[in-house]
Amino acid sequence: MNTAWAALTSRRYLVSSWPWRSYAYLLSSVPAGAATITVLIGAAAVSALLSPILVGVLLLTGFPLLGVLVGIMERYRARLMMPAGISSPHAQMPQSTRLRERLRFRRREQASVRALGYGFLFGVFLWPLNALFAGVSLSVLGITLVAPFIADGDEIGMGPWTLTTFWEGLLFLVLFGPIWFTVSSYLLGWLAAGQAELAKVMLGPREDELRRNLADLRRSRLDLVDAFETERARIERHLHDGVQQRLVGLTMTLGLAELDLPEGEGRRLVVKAHGEAEAALADLREAVRGIHPRVLIDHGLEAAVREVADRSPLPVTVRMELPRRLPAPIEAAAYFVVSEALGNVAKHAQASRCEVDGWIVDDQLVVTITDDGIGGANPAGGTGLTGLVTRLDALGGTLDLTSPPGGPTRLRMESPCRLDD
Amino acid sequence: MPARRLSIVLAEDSLLLREGLASILDRAGHEVRDAVGDADTLLAVVRKEPPDVVITDVRMPPGHSDEGLRAAAAIRSELPGIGILVLSQYVADAYLSSLLESTTGGIGYLLKDRVGHVTEFLASLDRVADGGTVVDPEVVRQLLARRRDDGPLAALTPRELEVLALMAEGRVNSSIAEQLVVSEAAVRKHVGNIFAKLHLDDGRDRRVSAVLTYLRG
């Protein structure tokens with residue numbers, strides 16, 4: 001149900017902008033339709049003329065491209081009747097820079113052929129119909145408006161009536177005008193809304209095209225997650241191969257210096273520097289782990305989750321049954337969910353213990369984190385989880401938090417274990 | 001420091017650290033027979049002529065994953081007598097457990113920071129060369145923090161856990177006594193209790209077994 005239909009059943013229809021939108025839609029179809037049929041006939045004529053030399057046949061195969069143009073124009077015009085617009089049924093272009101290939105891709109789309117069909121319907125049938133209805137209706141309305149003035153000097157015949165004076169004209173305007181406006185507005189409103197609906201059916205995406213667009217969207221979001229993952233791994237490697245190694249080198253040098261220096265102020269300072277370098281290394285190790293834990297890459301989700309659990313200040317029981325390694329973005333998402341959840345539990349839950357369970361059922365990875373704390377956790381409160389929800393969303397997964405006051409709090413993550421669908 | 005000259009093969013892909021390590025070992029009077037930058041070369045030189053000890057980084061070319069560790073495992077199974085000291089940038093027992101498949105020959109797993117404490121590092125190296133087990137205190141702490149309320153360690157008192165942690169680092173009783181500021185007799189008593197509570201009576205070196213049993217669990 002779009003807003004044009006809703007407007008037609010509303011009591012305020014006559015005083016709204018909708019009658020005028022209908023006029024605008026129907027009348028603008030006249031030049032648009034005329035142009036469409038001219039171009040189509042012109043193109044058909046040219047290809048018929050050229051068909052003996054084969055070029056014409058080639059031109060004929062390009063017709064769906066004209067349909068694409070008609071579709072663009074008509075979807076734009078339909079916004080008069082459908083403020084939400086009609087989304088494009090066309091698939092995303094392949095990443096090819098060559099114009100010829102792009103054109104061929106569009107030409108072969110079923111949506112293009114459909115739009116061409118609409119173009120013929122529009123050019124041959126719809127716009128003359130609209131011209132007739134809207135033209136007559138608008139003319140009658142216009143003449144009725146100026147009837148008192150015309151009748152003042154001349155006599156005019158309006159259907160069964162003949163108006164000869166200004167007052168007769170005015171009476172006609174007052175009595176007939178509202179009736180005509182009401183009747184024509186509803187008539188044209190239905191006509192315009194019907195046509196917009198037709199345009200939507202023919203120029204909008206079909207269900208399979210909608211599904212494909214959704215898949216396109218998901219793929220592009222997955223690409224984003226992937227890029228993010230790659231970038232994290234790159235940063236981790238740079239820190240590891242660069243800064244960490246240098247700091248380790250520094251501690252070695254300082255260690256050797258300690259051995260050589262005699263007891264005294266100089267040695268005390270070197271020992272202090274050594275301690276500081278080690279503290280920096282420990283900090284860096286923590287930071288690197290937060291960016292991308294090496295264990296996750298090398299040993300998989302279970303080992304990485306056990307590491308996080310071991311670092312948690314409260315006892316964490318880990319039960320995971322994962323028969324195989326999962327795709328890297330899924331492992332990473334699950335790891336960061338557990339890591340964030342355990343951090344939150346330690347900080348806010350006042351729990352004495354926590355359980356992490358992970359298993360695979362029906363090609364879904366399910367991970368739950370349950371604590372025996374005070375409950376009442378607010379999903380909107382944790383900014384860390386919000387980012388994870390976005391990530392999971394891109395993977396087609398979900399994150400669910402139940403935390404009644406008094407506990408227990410349970411965070412449940414689900415994600416498909418395969419990305420190749 | 002015992003004046004024993006060990007022949008050592010060193011595998012570390014960072015030139016900086018390789019030279020730093022080599023110079024530390026050199027000063028201690030050990031022979032750095034080969035210093036290599038990747039796991040394949042490491043295996044090749046060890047197979048050609050086995051050294052006393054192999055010191056290897058976990059992360060190595062070409063994959064920059066755990067190639068060093070896998071090389072260590074290969075050496076372990078082919079040439080069980082060689083002491084292996086693994087240096088890592090991470091506190092991760094996932095790496096450790098794959099090292100502990102076999103208990104013949106010395107094994108060490110240390111954070112790279114530890115190398116800076118030259119005297120301790122060299123002592124660890126000696127213990128590994130002697131067939132002992134050395135696990136980084138940081139890793140041990142993390143492992144001991146795990147599952148305190150269940151598992152085999154539940155029966156141990158906090159003091160016994162402390163003693164076990166120091167045993168895992170490869171310390172002998174006198175060193176543990178010194179560290180904890182108690183008498184050596186007290187340490188012996190604790191160690192006896194640990195063995196009893198962990199039911200260790202399988203004829204192997206029980207000190208090593210005590211640590212390994214737990215680390216594996």
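In this text the structure is predicted, and so the values were computed from the model without any measurement. First the proteins, then the strands, lettered A, B, ... as listed; each starts at 1.
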What are the residues of residues 268-283 of chain A, in order of number, with any heavy atom under 4.5 angstrom from a heavy atom of chain B?
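Heavy-atom contacts from residues 268-283 of chain A to chain B are His274(A), Glu278(A), Leu281(A).
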
Close contacts, residues 255-267 of chain A versus chain B, judged by heavy atoms under 4.5 Å:
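Residues in range: Gly255(A), Leu256(A), Leu259(A), Asp260(A).
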
Does His117(B) reach the side chain of Met252(A), with side-chain heavy atoms less than 4.5 Å apart?
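No, side chains not in contact.
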
Any side-chain heavy-atom pair from Gln89(B) and Val248(A) closer than 4.5 angstrom?
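Gln89(B) reaches Val248(A) side chain to side chain.
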
Side chain from CB out, backbone as N, CA, C, O: work out which of these in Arg285(A) comes under 4.5 Å of a heavy atom of chain B, or both, or neither.
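Arg285(A) touches chain B through side-chain heavy atoms alone.
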
Is it the case that atom [atom1] in [X] sees more than 12 heavy atoms from other parts of the structure closer than 6.0 Å?
X         : atom1 : result
Arg246(A) : CZ    : no
Arg410(A) : CZ    : no
Glu78(B)  : CD    : yes

If the condition is ring pair (Phe, Tyr, Trp, His ring centres under 6.0 Å), which residues does His348(A) pass it with, not counting sequence neighbours?
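With sequence neighbours excluded, His348(A) shows a ring pair (Phe, Tyr, Trp, His ring centres under 6.0 Å) to no residue whatsoever.
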
Distance check, rounded to the nearest 0.5 Å: Arg294(A) atom CZ versus Asp66(B) atom CG?
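Interatomic distance, Arg294(A) CZ to Asp66(B) CG, rounded to 0.5 Å: 8.0 Å.
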
Point-to-point distance, once rounded to the nearest 0.5 Å, from CG of Asp298(A) to CG of Leu69(B):
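If I round to the nearest 0.5 Å, the distance is 9.0 Å.
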
Charged N-O contact under 4.0 Å between Glu236(A) and Arg59(B):
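Salt bridge flag = yes for Arg59(B) with Glu236(A).
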
Please identify, among Leu17(B), Val115(B), Ile24(B), the residue contributing the most non-hydrogen atom pairs under 4.5 Å to chain A.
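So the answer, after comparing Leu17(B), Val115(B), Ile24(B), is Leu17(B).
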
Please classify the contact between Leu111(B) and chain A as side chain, backbone, both or neither, with a heavy-atom cut-off of under 4.5 Å.
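Contact with chain A: side chain only.
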
Atom group of Glu12(B) that falls short of 4.5 Å from chain A, counting heavy atoms
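The side chain, not the backbone.
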
Under the side chain to side chain contact (heavy atoms under 4.5 Å, CB included) rule, collect the residues that match up with Leu284(A), sequence neighbours excluded.
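For Leu284(A), the residues satisfying side chain to side chain contact (heavy atoms under 4.5 Å, CB included) (neighbours in sequence not counted) are Leu239(A), Val243(A), Gln244(A), Leu247(A), Val288(A).
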
